[in-house]
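Right, one structure below, let's go through it.
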Amino acid sequence: MFSAPNEPAQAVRVLLQITQRHKTLDQALPPEARPRLREIVYGVLRHYYSLNQEIDRFLTQALRAKDHDLKLLLKVGLYQLRHMRVANYAAVDQTVAAAKILGKPWAKGLINGVLRSLERAPEPVISLDHPEWMATKLMIQYPDTATDLMAANNQRAPMTLRVNRKQVAVDTYKARLNEAGIEFSTGYLREMLILAQPCPVTELPGFSQGQVAVQDGGAQLAVSLSLAATARSRSTGGDHPRTPGDRLRILDACAAPGGKLFHLIECEPDAEVVGLELSGPRLETLRSMARQLNHHSVSLLQGDATDLQWWDRRSFDHLLLDAPCSGSGTLRRHPDIKVLKTPADLHNHQHLQLSLMENLWQCLRPGGSLLYCTCSIFTEENDHVVQRFVTTHHDARSQPIQLPTGSPRRYGWQLLPIDPITDGFYYAVLEKAR
């Protein structure tokens, strides 16, 4: 007779890959994972530190390093007790049974005893659930909103859609959602729709035909900044005056996963748009998405944005640099970042971000613009990078930004997940002097 898989044991195996082998959630969790397994893994990572604090209160002695899997198993059990709609006896029984599946039947009594004690114990004061270094940094950089910011990071992210206006009118697509019984609200852009409840993309009308894509609301706001910058570029020819037939030339220098690239094409259909991506597999994914969205005009290249071997020496009017970063603005979607990232990562990213800007600046024509963005909420990866760049490049001028949400910084604009529609994003626009 078929027996259901033991999901606490499966969750521990996934969590071990993240906490010991330093894989990301996307790498460790199989795409076909059942919803309950996904809920457990994501939930344990969201509440990793508060679960740890609770469990330590009821362990008579610390577990050995080689029993890290048992500590994770206790977190899996406690997460079910505290945060899931599952009967307590079932959560405890399945978690205890997982000890044998993980090859440690001797620990069944330990797991049962600790979880039974936790079941009877009152819930503790809500924790900020961030590593100490991250919480400290946020308290310093966001003294007025740090607590709310960390609470927002522990929430589930919304599912936000971007209607492909090249394929279908926004009002027409709204009608299709209504017909399908899918509730939604509107966002900051006409094509931005926020679902009341997430759903599989296969249930979205027209998804397979490219009529709609999934993209965070904060990421979608990049297009308004690029459009404003290219509008300035149209009106100023720089050292190369424009004729009416000239096409704007735009580069997305770190193109994958492609949301900003394809959104830009949908809003700037007459431009010559080039997407650059270092990873071969990610480039193939971009090509597949371009076919699905019917964006056949985009030019997709494989190359390293820290060198110029891919460049044909034709200058660009606008550069979009969505730079690699800590991803700290996306903790709602990627709670594994809490246990994977360290303060040293911020400095390593900063070095790469500056290298990318230094290199790509050579590809920009005088009078052109660069949109620098990250999905980080840390100043080290944002304003500090732009400040270092503009102080060493006298032809780089920071341009003012105004977005419908978020707040200004000295050189750019910061979005925060305190706004439930957006992840944390940073944007800065630099113009190259003529």
Side-chain angles (χ1 to χ4, degrees), residues 4-59 62-86 88 90-108 110-112 114-115 118-119 127-135 150 153-157 326-328 330-342 345:
N6 183 289
E7 283 164 332
Q10 290 181 319
V12 168
R13 291 184 177 123
V14 172
L15 291 165
L16 281 171
Q17 292 187 63
I18 295 169
T19 58
Q20 290 194 327
R21 300 182 62 186
H22 305 291
K23 288 189 175 183
T24 66
L25 246 175
D26 291 341
Q27 294 169 334
L29 190 62
E32 67 278 7
R34 290 154 61 100
R36 185 164 177 264
L37 174 59
R38 285 183 168 276
E39 163 70 9
I40 293 172
V41 172
Y42 272 80
V44 168
L45 291 170
R46 279 197 182 97
H47 301 281
Y48 194 85
Y49 298 94
S50 60
L51 295 173
N52 200 61
Q53 291 167 7
E54 273 203 82
I55 290 165
D56 283 347
R57 292 166 53 211
F58 292 93
L59 283 174
L63 292 171
R64 299 169 297 179
K66 67 178 183 179
D67 292 324
H68 178 61
D69 54 348
L70 296 180
K71 189 66 170 287
L72 291 175
L73 183 58
L74 285 168
K75 291 179 182 179
V76 166
L78 180 56
Y79 176 75
Q80 293 176 89
L81 292 176
R82 292 285 188 253
H83 301 281
M84 291 183 69
R85 294 180 178 178
V86 56
N88 285 2
V92 174
D93 288 351
Q94 273 207 323
T95 306
V96 170
K100 181 178 180 181
I101 296 171
L102 294 171
K104 296 185 175 178
W106 57 267
K108 292 171 67 175
L110 169 68
I111 301 297
N112 184 69
V114 172
L115 289 182
L118 286 163
E119 181 185 4
S127 166
L128 295 175
D129 261 313
H130 284 59
E132 184 177 354
W133 73 267
M134 192 178 289
M150 285 185 271
N153 284 339
N154 295 330
Q155 303 302 310
R156 290 175 174 82
S326 65
S328 52
T330 66
L331 291 180
R332 297 185 301 179
R333 302 179 195 278
H334 304 288
D336 50 317
I337 289 171
K338 294 181 185 180
V339 300
L340 290 175
K341 295 296 182 180
T342 68
D345 291 319

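Treat the numbers as computed from the prediction; the structure is a model and nothing was measured.
Lys104 contributes atom NZ, which lies 10.0 Å from atom CG of Leu73 (distance to the nearest 0.5 angstrom). Interatomic distance, Ile40 CD1 to Leu45 CG, rounded to the nearest 0.5 Å: 12.0 Å. The structure places CG of Leu15 at 12.0 Å from CZ of Arg13, a figure rounded to the nearest 0.5 Å.
Judged purely by atom type and a 3.5 angstrom limit, Asn154 has no side-chain atom pairing as donor or acceptor with the backbone of His47. His68 places no side-chain N or O within 3.5 Å of a backbone atom of Lys66 that could act as its donor or acceptor partner. Although no hydrogens or angles enter the test, the distance criterion places a donor-acceptor pair under 3.5 Å between the side chain of Asp129 and the main chain of Tyr49. A donor-acceptor contact shorter than 3.5 Å is absent between the side chain of Gln17 and the backbone of Val14. Between the side chain of Asn6 and the backbone N or O of Ala9, at least one donor-acceptor pair lies under 3.5 Å. Asn153 places no side-chain N or O within 3.5 Å of a backbone atom of Leu331 that could act as its donor or acceptor partner. Looking only at distances, a side-chain donor or acceptor of Thr24 sits under 3.5 Å from a matching main-chain atom of Gln27. At distances below 3.5 Å, at least one donor-acceptor pair connects side-chain atoms of Gln80 with backbone N or O atoms of Val76.
Residues Arg82 and Glu54 have side chains in contact (heavy-atom distance under 4.5 Å, counting atoms from C-beta outward). Side chains of Tyr42 and Asp336 form no contact here, defined as non-hydrogen atoms less than 4.5 Å apart. For the pair Leu51/Leu74, no side-chain contact is recorded, criterion being any heavy-atom separation below 4.5 Å from C-beta on. Residues Ile337 and Leu340 have side chains not in contact (no heavy-atom distance under 4.5 Å, counting atoms from C-beta outward). Counting heavy atoms from C-beta on, the side chains of Lys71 and Ile55 come closer than 4.5 Å. The shortest side-chain heavy-atom distance between Ser328 and Lys341 does not fall under the 4.5 Å cut-off.
Taking both residues in full, the closest heavy atoms of Arg38 and Pro30 are given as NH2-O, 3.6 Å, listed atom of the first, atom of the second, then distance. Between Leu63 and Asp67 the shortest heavy-atom distance is CD1-O, 4.2 Å. Minimum heavy-atom separation, Pro131 to Lys338: CG-O, 3.5 Å.
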Is there a side chain to side chain contact (heavy atoms under 4.5 Å, CB included) between Val92 and Leu81? Walk through the geometry before answering. CA-CA 8 Å; Val92 174; Leu81 292 176; 4.2 Å; yes
Any chance you could lay out the salt bridge (charged side-chain N to carboxylate O under 4.0 Å, His left out) test for Asp93 and Lys108, step after step, and finish with the verdict? CA-CA 10 Å; Asp93 288 351; Lys108 292 171 67 175; over 6 Å; no
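Within a 6.0 Å sphere centred on CZ of Arg156, other residues, nucleotides and ligands contribute 12 heavy atoms or fewer.
Because its NZ or CZ atom is both nearer than 6.0 Å to the ring centre of Tyr48 and within 45° of the ring axis, Lys75 counts as a cation-pi partner of that residue.
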